[in-house]
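Take a look at the structure set out below.
The chains referred to below are lettered A, B, ... by the order of the sequence lines, with proteins before strands, and numbering in each begins at 1.
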2 protein chains.
Amino acid sequence: MPAAVRPPLTRRRAETRQRLLDAALVVFAHEGFGRSTVEQVCEQAGFTRGAFYSNFSSLDELFLAMWEQRSAQLLADLQETVADEAVDGIRTVRQAVEHLLPAVPVDDEWYRITAEFTAHALRNPSLRKVMAAREKAITDTITPVLERSLKGTGRRVTNRSALGQALIAVHDGTTVQCLIEPDDETVQKRRLDLMVHVVLAYTKEIDR
Amino acid sequence: MPAAVRPPLTRRRAETRQRLLDAALVVFAHEGFGRSTVEQVCEQAGFTRGAFYSNFSSLDELFLAMWEQRSAQLLADLQETVADEAVDGIRTVRQAVEHLLPAVPVDDEWYRITAEFTAHALRNPSLRKVMAAREKAITDTITPVLERSLKGTGRRVTNRSALGQALIAVHDGTTVQCLIEPDDETVQKRRLDLMVHVVLAYTKEIDR
DNA sequence: TGTATCCGATACGGAAATGTATCCGACCGT
DNA sequence: ACGGTCGGATACATTTCCGTATCGGATACA
């Protein structure tokens with residue numbers, strides 16, 4: 001039934017869909033989700049509303065689709081960026097964090113989207129589940145990577161999911177601070193320090 | 001000049017203003033800022049648009065006024081709640097955190113407002129300054145309180161502003177997690193744990 | 001009690017956004 | 001190349017929201 005209700009998704013269709021999704025990011029980031037209109041998104045994408053309604057049934061649907069696509073992409077990028085060789089040279093926790101942190105870019109636009117999506121999700125139980133699932137996905141992606149990075153440091157993680165949760169919280173919380181005061185580099189330094197402290201707190205030396 | 005442009009603010013005026021401000025919180029939290037309309041706010045407050053335009057010139061202005069009022073109130077509440085006698089009985093960092101944390105309620109509605117305000121502020125340099133100032137105010141309020149609470153624990157803060165910044169980040173980051181999974185009490189436990197770790201990281205034992 | 005002012009209500013014009021119904025060009029398979 | 005279908009454009013009806021201009025009741029003050 002669900003497959004029957006949606007159109008066959010031809011090549012052409014997929015392209016306009018994607019252009020709309022890309023336009024959505026730009027417009028939502030610039031105007032805010034609630035302030036955005038169907039027309040603005042269409043204009044940004046170079047279409048008229050006809051194209052929109054032929055592909056999505058509401059701005060909400062577009063928003064969700066866009067968010068899921070970009071989140072997934074972000075995770076994929078992270079995994080790839082971090083899977084490089086440099087991991088072998090890591091000897092300290094600080095190095096590990098320094099290696100990991102820049103892999104998640106502090107992106108102004110994306111942060112706005114995320115903030116509004118979160119607020120939106122809090123009003124909608126099914127969206128809350130989506131967010132919770134994503135958080136788990138992030139944890140599952142990050143912790144293995146981190147554990148690999150920690151190999152050369154002589155420490156091991158004591159509580160995987162607690163560490164994952166803590167890192168996400170710290171990451172999100174400090175991201176705002178960095179964006180609000182982009183010129184203050186002590187904010188950035190402290191962000192790094194805090195991450196190091198957290199990793200230290202949730203790992204311990206391997207005894208041999 | 002600025003005093004001349006605004007009406008004399010009589011008793012009556014102040015009351016309707018306040019009712020509008022209160023209504024704004026409800027409506028914005030429920031609908032999202034961008035989706036809210038002047039009429040919705042007025043209806044919630046029991047007025048018509050006439051009252052609104054006689055007191056504010058735009059939804060933006062109302063939003064900002066409401067946010068500033070509530071933030072200030074929140075800080076005042078915090079200061080009061082925490083200034084009680086119980087501080088003297090505190091002997092461990094965990095106790096200190098347990099005492100401090102519940103003073104900042106995890107409020108669904110307020111979080112939504114904050115998230116959207118933050119996103120909004122990132123688009124507007126002058127609003128960014130407002131947020132930065134508020135962050136400083138929070139730090140300035142919290143750290144003295146925390147230091148007082150730590151008296152009985154035999155530890156002292158090594159870097160005030162870094163600790164303040166870290167606590168805010170952790171607070172904000174974990175608040176989302178708590179709201180997204182309100183039934184999962186391990187999230188809440190870990191929140192506390194994380195706070196304790198952070199306080200430990202930014203304090204050290206007093207040597208005598 | 002009378003009167004002047006204040007302030008929220010009402011009424012109106014107009015702009016903007018929505019969703020649908022229809023059209024027409026492009027791309028598909030044969 | 002040709003007929004059919006697909007998908008975006010166009011046109012339109014409708015709703016919603018906004019901001020202003022004006023009205024009238026309430027309130028303050030003599």
For this session: For the pair B/Asn124 and B/Ser126, evaluate side chain to side chain donor-acceptor pair (under 3.5 Å) and give the outcome as yes or no after the intermediate values.
Result: CA-CA 6 Å; B/Asn124 185 326; B/Ser126 73; 3.0 Å; yes
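B/Glu31 places its CD atom 14 Å from the P atom of D/dT16, with the value rounded to the nearest Å. Residue B/Arg12 contributes atom CZ, which lies 7 Å from atom P of D/dT27 at whole-angstrom precision. One can place CD of B/Glu43 at 14 Å from C1' of D/dC17, the figure rounded to the nearest angstrom. Between the P atom of C/dC7 and the CD atom of B/Glu15 lies a distance of 12 Å, rounded to the nearest Å. One atom, CZ of B/Arg13, and another, P of C/dC7, lie 5 Å apart when rounded to the nearest Å. Between the CZ atom of B/Phe56 and the C1' atom of D/dG19 there is a distance of 17 Å, given to the nearest Å.
The side chain of B/Ser54 lies closest to C/dG8 when the candidates are C/dG8, D/dG7, D/dA9.
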Between the protein and nucleotides 13-22 of chain C, which nitrogen or oxygen pairs come in under 3.5 angstrom?
residue, atom, partner, partner atom, Å
C/dT18, OP1, A/Val38, N, 3.4
C/dT18, OP2, A/Val38, N, 3.2
C/dG19, OP2, A/Tyr53, OH, 2.4
C/dG19, N7, A/Arg49, NH2, 3.1
C/dG19, O6, A/Arg49, NH2, 2.0

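Between B/Arg35 and B/Arg11, it is B/Arg35 whose nearest contact on DNA chain D lies nearer the 5' terminus.
With respect to B/Arg70 and B/Asp107, no salt bridge is recorded, no charged nitrogen being found less than 4.0 Å from a carboxylate O. Classification of A/Glu116 and B/Arg123 as a salt-bridged pair holds, one side-chain N sitting under 4.0 Å from a carboxylate O. Taking the charged nitrogens against the carboxylate oxygens, B/Arg160 and B/Glu147 do have a contact shorter than 4.0 Å, which makes a salt bridge.
B/Phe47 and B/Phe52 have their aromatic ring centers separated by at least 6.0 angstrom.
Between D/dG8 and A/Asn55, a contact under 4.0 Å exists linking OP1 or OP2 to a side-chain N or O. Using a 4.0 Å cut-off, no side-chain N or O of B/Thr48 falls inside it from OP1 or OP2 of C/dG8.
Counting only residues at least two apart or on different chains, the salt bridge (Lys or Arg N to Asp or Glu O under 4.0 Å) pairs with a member in residues 177-202 of chain B are B/Arg94-B/Asp193.
One distance of note links CG of B/Leu64 with CZ of B/Phe56; it measures 10.5 Å at 0.5 Å rounding.
In this structure, D/dC18 forms a base pair with C/dG13, meeting either the Watson-Crick or the G-U wobble geometry with both donor-acceptor distances under 3.5 Å.
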